[in-house]
Protein chains: 2
Amino acid sequence: MHYTEQMEDELREAGWKLTPSRRAVLSVFDRHDLHLRADEVLARARKIHPAVGRATVYRTLELLTGMGILHPMVLGDGKTRYARIEDGHHHLVCSSCRQVVEMHDRRFNRLIRRLAHEQGFQMQSNVMECIGTCRECREKETKS
Amino acid sequence: MHYTEQMEDELREAGWKLTPSRRAVLSVFDRHDLHLRADEVLARARKIHPAVGRATVYRTLELLTGMGILHPMVLGDGKTRYARIEDGHHHLVCSSCRQVVEMHDRRFNRLIRRLAHEQGFQMQSNVMECIGTCRECREKETKS
DNA sequence: ATCGTTAATGAGACAAAATCTCATTTAGTG
DNA sequence: CACTAAATGAGATTTTGTCTCATTAACGAT
Ligand SMILES: [Zn+2]
Ligand SMILES: [Zn+2]
Ligand SMILES: [Zn+2]
Ligand SMILES: [Zn+2]
């Protein structure tokens, strides 16, 4: 079953109404590697359901965040972006060229789950942002 | 030597002028466990140097972020907050009661550094946010 | 100590992002 | 089809962040 449909089921099962606006916002996140600002979500959602209002997009982003489907984050540039989050969502951000590399490593989730457990927390999900310098930028740097 | 003075030295050595406004913003972050919104930083900075303007606070936050001294983050609630970041800054956020627990574990930085290295990145710093449920909230939940 | 250069500043206009209100609509239920 | 509470969109409003520009002051040179 496709991700979007799965999430629609989750909404329904949690007792939320499945409206065209909510479905539009949800379907924007069909790919797992998007990091979108609220206004970008609005623009994309309108391609699917032109009538959606800004307020509804914000409300839906909040709803989906509360359900653990999306998660807000700032990838170094101070802008709030929303991304899908399954168990974990890990990034390498180059402080020089700003490229963002997605990194998924089981070891990571395992370690976090364990550390959280030590503190009495039960992990739902996690987001990590590692700021550094990518190889290309380091090479440019040493040359100059 | 105190943290704030150390950071002042860093600024100076990087060639930036050490103004009362910059020192005020810097001194706001004397404690390591603060996560402040820009307007909170402004209010606190004004207690030290009442003349600071909003624009300067934003400019300084950007400067300090660029230098790897501060880092913007959203702890679940979609508000951008700035916090000191030494090597890493790791949080457990309870999705139910919203409490934030700071977690510092060497294993974490080690693992991230290694994974980053595998991707050709040289880590400067990292921020992690783990969303979950704290013990108290889980106990409340099972009782009800 | 004084000077000159130039980065840095604060005020306030402006722009962007987010929230709130409320009259209207509609999804889900039977 | 009809009912009802939840959800919506429009637009006002608030909050957050940026930009401009005339003025100031940090810091190195003298
Ligand atoms: Zn991502
Ligand atoms: Zn790079
Ligand atoms: Zn923290
Ligand atoms: Zn809790």
Checklist entry - Rounded to whole angstroms, how far apart are CZ on R22(A) and C1' on dT8(D)? => result 9 Å

Item to check | Separation of atom OH in Y82(B) from atom C1' in dT16(D), rounded to whole Å | outcome: 11 Å

Item to check | Contacts of T80(A) that satisfy side-chain contact (heavy atoms from CB on, under 4.5 Å) - sequence neighbours left out | outcome: P72(A), V74(A), Y82(A), V74(B), T80(B)

Next on the checklist: Can you list, by chain and residue number, the hydrophobic cluster partners of Y58(B) when the side-chain cut-off is 4.5 Å?
Outcome noted: none

Next on the checklist: Tell me the interatomic distance from W16(B), atom CH2, to dC27(D), atom P, rounded to whole angstroms.
Outcome noted: 13 Å

Checklist entry - For DNA chain D, which residues in residues 44-55 of chain B have a heavy atom at a distance below 4.0 Å? => result R54(B), A55(B)

Next on the checklist: Among residues at least two apart in sequence or on other chains, which ones pass ring-ring contact (aromatic ring centres under 6.0 Å, His included) with F108(B)?
Outcome noted: F108(A), H90(B)

Item to check | is_close_aromatic(H32(B), H89(B)), centroid dist under 6.0 Å | outcome: no

Checklist entry - Relative to the 5' end of DNA chain C, which residue comes earlier, T19(A) or K79(A), by the nucleotide with the nearest heavy atom? => result K79(A)

Checklist entry - Roughly, in whole Å, what's the span from CG in L18(A) to P in dA7(D)? => result 11 Å

Item to check | Member of E40(B), E102(B), K79(B) meeting the side-chain hydrogen bond (donor to acceptor under 3.5 Å, both in side chains) criterion with H35(B) | outcome: E102(B)

Checklist entry - Between R81(B) and E129(B), is the closest basic N to carboxylate O distance under 4.0 Å? => result no

Checklist entry - Using a heavy-atom cut-off of 4.0 Å to chain A, what are the terminal contacting nucleotides of DNA chain C, in 5' to 3' order? => result dA17(C) to dG28(C)

Next on the checklist: Run N126(B) and N109(B) through side-chain contact (heavy atoms from CB on, under 4.5 Å) and show every step you take.
Outcome noted: CA-CA 8 Å; N126(B) 67 80; N109(B) 283 326; 2.9 Å; yes

Item to check | Pair R59(B)-T56(B), side chain to side chain donor-acceptor pair (under 3.5 Å): steps then yes or no | outcome: CA-CA 5 Å; R59(B) 284 185 288 233; T56(B) 299; 3.3 Å; yes

Checklist entry - Hey, does the side chain of R12(A) reach the backbone of K17(A) with a donor-acceptor pair shorter than 3.5 angstrom? => result no

Checklist entry - In whole angstroms, how far is the C1' atom of dG28(D) from the NZ atom of K17(B)? => result 10 Å

Checklist entry - Starting at CG of L42(B) and ending at P of dT18(D), how long is that distance when rounded to a whole Å? => result 14 Å

Next on the checklist: Would you say E86(A) and H104(A) are linked by a side-chain donor-acceptor pair, where the criterion is simply a distance under 3.5 Å?
Outcome noted: no

Item to check | DNA chain C contacts made by residues 56-75 of chain B, counting heavy atoms under 4.0 Å | outcome: T56(B), R59(B)

Checklist entry - Can you tell me if H2(B) uses its side chain to pair, donor with acceptor, with the backbone of T4(B) under 3.5 Å? => result yes

